[in-house]
Amino acid sequence: MNKLNLTVLYGGNSGEHEVSRRSAASVLRHLDRDRYAVTAIGIDRSGGWHLQHEPVFETLANGDLALVIAPSEHPVALVPAAGLWHGGVRLAVDCVFPVLHGTHCEDGQLQGALDTAGLPYVGAGVLGSSAAMDKAITKSLWRDAGLPVVDFRVVDAHTSPDVLAEALKAFGWPLFVKPCSAGSSLGASRAGTPQELQTALAEALRHDRRALIEPCLDVRELECSVLGNGEITVFPPGEIVPNASHSFYDYEAKYADPDGASLHAVAQVDATLRQSIMDIARAAYAAVRCEGLGRVDFFLDKKTGQLFLNEINTLPGFTSISMYPRMCQAGGLGYAELLDRLVALAMERGPAIRA
């Protein structure tokens with residue numbers, strides 16, 4: 001059987017560089033080498049692309065494996081309508097698997113570049129990626145589609161105090177503040193006083209030019225894995241229960257604290273709620289023009305029982321603890337089979353520009 005030339009991109013010049021290295025290590029270990037001829041390209045923190053002649057794994061302090069990015073003698077170049085090149089030689093690439101997270105990586109920038117190069121790739125296209133990365137745009141699209149979202153206000157460094165006062169009047173304390181475009185809860189925080197609000201806004205705006213302000217609800221955090229292009233598969237929801245030491249599932253709880261949260265690949269919810277979550281996830285995925293894969297996150301208000309969409313992640317984590325592959329696994333699709341399906345979906349859609 002002829003092998004498909006699959007190029008894995010990882011690292012990236014975003015705040016989620018380290019998460020990507022861990023995800024990529026897991027992906028590379030699960031790809032079927034009888035099916036794929038795998039090439040790895042590491043993107044350093046400055047945005048340089050380095051061909052990895054022999055992928056090297058390192059063991060982190062917490063025991064997780066991460067893929068090293070070794071500098072290459074020549075940078076990898078992306079050429080319009082001509083694919084990827086290294087040292088004057090065109091690389092054999094049938095499909096690109098971006099195992100990347102955060103800004104510059106899953107916000108449409110990389111996807112547009114790969115489209116320009118004429119390369120098929122795993123995940124959503126430019127529109128779906130950019131719309132899903134900006135939480136204000138995502139929530140506006142969902143709200144316009146009649147889907148349930150937590151009320152919000154969008155602010156920036158020039159927002160007048162009157163807007164903040166109006167948000168406080170509408171929502172009350174405490175407030176939740178997060179960047180419009182950032183992943184892994186980077187820059188997100190809870191504010192219970194005016195001083196904490198100013199600190200939270202400064203931190204959120206350190207990660208993006210705009211920030212969201214929302215009421216801070218007492219919620220259960222539920223998630224749903226979605227897979228597909230036109231024909232969509234939705235897997236039963238899972239749940240994340242943050243440890244008492246974390247007020248929400250922040251970056252530390254996700255990746256730094258081994259006891260930061262309990263991760264349940266199958267949420268303990270009744271059949272009616274489960275079906276409602278899956279139906280809304282399907283509609284939410286379609287509303288932002290997502291393709292390939294997406295993890296749709298929900299809030300379930302503990303007091304009212306009301307279900308809200310929170311966000312959608314178009315390139316979710318694939319680490320040893322990541323919920324997306326675990327929920328797929330619980331729904332009957334194993335990790336290696338999931339990777340095969342993602343590559344097949346990328347090839348099915350094909351390149352935007354044929355080289």
Side-chain angles (χ1 to χ4, degrees), residues 9 14 16 20 23 27 95-115 119-149 180-184 222-238 276-299 307-318 322-328 331 333 338-352:
L9 297 180
S14 81
E16 298 175 74
S20 171
S23 288
V27 167
C95 182
V96 175
F97 196 141
V99 188
L100 296 158
H101 314 302
T103 51
H104 314 299
C105 300
E106 59 177 316
D107 57 4
Q109 295 185 47
L110 174 68
Q111 290 72 21
L114 294 174
D115 281 342
L119 296 171
Y121 53 88
V122 168
V126 174
L127 177 58
S129 298
S130 57
M133 189 67 186
D134 189 308
K135 297 176 180 65
I137 298 297
T138 303
K139 289 164 77 79
S140 296
L141 289 170
W142 285 342
R143 184 175 57 191
D144 289 348
L147 299 173
V149 297
C180 282
S181 297
S184 291
L222 305 169
E223 300 185 343
C224 219
S225 293
V226 185
L227 178 71
N229 294 334
E231 188 175 322
I232 298 172
T233 301
V234 182
F235 294 87
S276 179
I277 292 169
M278 293 171 69
D279 289 344
I280 294 173
R282 181 187 302 274
Y285 186 90
V288 297
R289 289 288 301 277
C290 198
E291 295 173 287
L293 74 162
R295 193 196 68 231
V296 182
D297 299 349
F298 293 84
F299 290 146
L307 189 65
F308 297 101
L309 284 162
N310 178 32
E311 63 184 38
I312 181 169
N313 192 317
T314 57
L315 286 175
F318 272 81
S322 295
M323 285 291 281
Y324 184 87
R326 290 185 61 192
M327 290 186 290
C328 291
L333 185 63
L338 170 60
L339 299 181
D340 290 342
R341 184 70 184 125
L342 291 172
V343 173
L345 287 167
M347 296 303 292
E348 170 191 293
R349 189 179 63 190

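Since the structure is predicted, the reported quantities are computational estimates derived from the model, not experimental observations.
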- Message: Does Cys290 form a side chain to side chain contact (heavy atoms under 4.5 Å, CB included) with Val226? I'd like the steps, not just the answer.
- Response: CA-CA 9 Å; Cys290 198; Val226 185; over 6 Å; no

Any heavy-atom pair between the side chains of [Y] and [X] that's under 4.5 Å?
X	Y	answer
Pro351	Leu119	no
Phe298	Leu309	yes
Trp142	Ile312	yes
Leu110	Pro98	yes

- Query: Is the backbone of Ile232 close enough, under 3.5 Å, to the side chain of Arg282 for a donor and an acceptor to pair up by distance?
  - Reply: yes

- Donor-acceptor under 3.5 Å (Ser129 side chain, Ala124 main chain): yes

When rounded to the nearest 0.5 angstrom, what is the spacing between [atom1] in [X] and [atom2] in [Y]?
X	Y	atom1	atom2	answer
Thr233	Met278	OG1	CE	9.5 Å
Phe318	Leu338	CZ	CG	4.5 Å
Leu293	Thr314	CG	OG1	7.5 Å
Glu16	His104	CD	NE2	11.5 Å
Ser20	Leu100	OG	CG	4.5 Å
Glu223	Met327	CD	CE	5.0 Å

Can you name the closest pair of heavy atoms from [X] and [Y] and give their distance?
X	Y	result
Leu345	Gly292	CD1-O, 3.6 Å
Cys224	Phe235	SG-O, 3.0 Å
Cys105	Leu315	O-CD1, 4.0 Å
Arg349	Asn229	CB-ND2, 4.1 Å
Val126	Tyr121	N-OH, 4.0 Å
Leu141	Ala287	CD1-O, 4.2 Å

- Test side chain to side chain contact (heavy atoms under 4.5 Å, CB included) applied to Leu342 and Leu227, step by step: CA-CA 8 Å; Leu342 291 172; Leu227 178 71; 3.4 Å; yes

- Task: With side chain to side chain contact (heavy atoms under 4.5 Å, CB included) as the test, would you mind laying out the steps for Leu9 and Phe97 before giving the verdict?
- Result: CA-CA 6 Å; Leu9 297 180; Phe97 196 141; over 6 Å; no

